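Written out below as structure tokens is the structure these notes cover.
Below, chain A is the first sequence line, B the second, and so on; all start at residue 1. Predicted, not measured: the structure shown is a model, and the values here were computed from it.
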Protein chains: 2
Amino acid sequence: MTDEKIKVLLCEDDENLGMLLREYLQTKGYDADLQPDGEAGYKAFTKKKYDLCVFDVMMPKKDGFALAADVRAINTEVPIIFLTAKSMKEDILQGFKLGADDYLSKPFSMEELLYRIESILRRVKGKRVKDLVAYQLGGFTFDAQKQLLTFDGVSKKLTTKESELLNLLAANANNILERNFALKTIWVDDNYFNARSMDVYITKLRKLLKEDANVGIINIHGKGYKLITPQVKEE
Amino acid sequence: MTDEKIKVLLCEDDENLGMLLREYLQTKGYDADLQPDGEAGYKAFTKKKYDLCVFDVMMPKKDGFALAADVRAINTEVPIIFLTAKSMKEDILQGFKLGADDYLSKPFSMEELLYRIESILRRVKGKRVKDLVAYQLGGFTFDAQKQLLTFDGVSKKLTTKESELLNLLAANANNILERNFALKTIWVDDNYFNARSMDVYITKLRKLLKEDANVGIINIHGKGYKLITPQVKEE
DNA sequence: CAATCCGCTTAAATAAAGTTAAGTTAAATA
DNA sequence: TATTTAACTTAACTTTATTTAAGCGGATTG
């Protein structure tokens, strides 16, 4: 019954981004450590057995590629994901693409990072990471995997964005889901237009959910949203 | 029971790239040799019976096409894959006339190369590369080797493209198969027309799969496709 | 209670994906 | 070698998904 958490080493010099990613991975059940530069990252790697690394390419003291080389010298197996700047030349990118298990060019959504981490863990370790996700929301059943919302035996196929948003809401059911968090998770950037886009999807979800009066999305002014749903007895 | 390794001749002048590829192919069970230029490549080819060649197009002393021509002079059968720099329309055509079986334009991922190698070996030489290639997809059985999709005792022979696409989808069952990855691995080039072509094949596969309501292909807007199939309990 | 900010909704615009059918090409066969 | 067939691509068009725009209404703050 020892459900060991997967240990992730995150090296990112942008503190905001780093903290955000670390927090997100933690909420997703990972044991994520954050280091602000390559040297600190290397030190951390020597002290703990990580299952996966996420390295920013551009970092002070030691860049992500050099760090990866040092890490490879003591461990040839651990998967490495690089976070690269968007304006990287193809030939340089080629190197990363081949030496890395995967790479993500900025800006990316947190969901995307998670997706890549999970697919690598699946490939490399053969672990089944995502257990089937089906939420019970009052009279609704929401299958995030299949993007299907079912009520009274009738299933409706949700679009990708609808499903991603409902998934986040459901994961925080009866708790506040912060606007900015949702935006960064799903839309990458929390700018004005994406915020408007999210508004539109909140409206859509409300329409979908109004068949059951006990389920709904309420707004917490200036903070975010809360998916209200009857508490399901857990375990 | 002599499970002879498949011999691959790799010619690539970029040492980093070459070593990476050689190592990767070796870990995947191939007997891969690396040569740094066309002349050395030719010399190596005369000394050992290779099952497949991977030639970089731009190499010192003798480029990949010249090397291929020389190789063809003594062996008209051995499959050749070219690694090309981006945007080489005419060169590519020339290469194909010389009997290239496939080509990959940089940058590519090692996965992509591996996939090409395997599908060429499957197609051209009829070798059994991967052992388990029979997927259970709900009520369907899909044998990628034989390109057979069976439902309720009735088998249907799929075309090459149908089978390749379903194979990729099945390998990533219940997870996202990225559009670009599929395009690059199956269609080589991820241009507009090939994307339309892939659409057509998605439609075909959906028709084929609709006999079982629990199986289907859903689109992840802007990212790719996901083959939905009942989870099979793993041990 | 005004001014402002934030959120809601509907509609229009754009972009991505889906469908069907008509071309092409190349392999099979007659 | 001509004819037919199958596989695949290209084209034209339809539908769906997502974003942008615009106006309205409620909430918060001074």
- Item | Sequence-distant partners of A:D13, side chain to side chain donor-acceptor pair (under 3.5 Å), two or more places apart |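 Applying side chain to side chain donor-acceptor pair (under 3.5 Å) to A:D13 gives none.
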
- Kindly write out the residues that satisfy salt bridge (Lys or Arg N to Asp or Glu O under 4.0 Å) with B:E111, not counting sequence neighbours, or none if the list is empty.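 Per chain and number, B:E111 pairs via salt bridge (Lys or Arg N to Asp or Glu O under 4.0 Å) with A:R123.
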
- Message: Could you work out, with salt bridge (Lys or Arg N to Asp or Glu O under 4.0 Å) as the rule, every residue matching A:K157, not counting sequence neighbours?
- Response: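 A:K157: no salt bridge (Lys or Arg N to Asp or Glu O under 4.0 Å) contacts found.
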
- Query: Between B:Q147 and B:T160, is a side-chain contact (heavy atoms from CB on, under 4.5 Å) present by the stated rule, with each step listed?
  - Reply: CA-CA 7 Å; B:Q147 301 186 187; B:T160 307; 4.1 Å; yes

- Task: Check DNA chain C against residues 176-185 of chain A and give the residues with a non-hydrogen atom under 4.0 Å, in numerical order.
- Result: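 Correct list: A:R179.
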
- What distance do A:N180 atom CG and A:N194 atom CG have between them, rounded to the nearest 0.5 Å?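 Those atoms lie 11.0 Å apart.
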
- Query: Rounded to the nearest 0.5 Å, what separation is found between the CZ atom of A:R179 and the CD1 atom of A:I220?
  - Reply: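 If we round to the nearest 0.5 Å, A:R179:CZ and A:I220:CD1 are 12.0 Å apart.
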
- Scan every strand shown for a Watson-Crick or G-U wobble partner of C:dA30, both distances under 3.5 Å, and answer none if you come up empty.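 Check on C:dA30: paired to D:dT1, both distances under 3.5 Å.
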
- Considering all heavy atoms, the nearest A:D212-A:L137 contact: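 Scanning both residues, the minimum pair turns out to be OD2-O, 4.5 Å.
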
- Message: With a 4.0 Å cut-off on N to O distance, would you call A:K106 and A:E12 a salt bridge?
- Response: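 Answer for the salt bridge query: yes.
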
- Message: One thing to verify: whether B:E178 and A:R116 come together as a salt bridge, which I'm taking to mean a side-chain N less than 4.0 angstrom from a carboxylate O.
- Response: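 Answer for the salt bridge query: yes.
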
- Message: Can you build the contact string for nucleotides 14-30 of chain D? Use B for base contact, S for sugar-phosphate-only contact, and - for no protein heavy atom under 4.0 Å.
- Response: ---SBBBS------S--

- When you match A:I217 and B:G224 each to their closest nucleotide on DNA chain C, which lands nearer the 5' end?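 Nearer the 5' end of the strand: A:I217.
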
- Quick one: sort the B:F151 and B:F140 rings into parallel, tilted or perpendicular, breaks at 30° and 60°.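 Rings of B:F151 and B:F140: tilted, as their planes differ by 30° to 60°.
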
- Message: Going 5' to 3' along DNA chain C, between which two nucleotides do contacts with chain B fall, using a heavy-atom cut-off of 4.0 Å?
- Response: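 Contact span on the strand: C:dA16 to C:dT20.
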
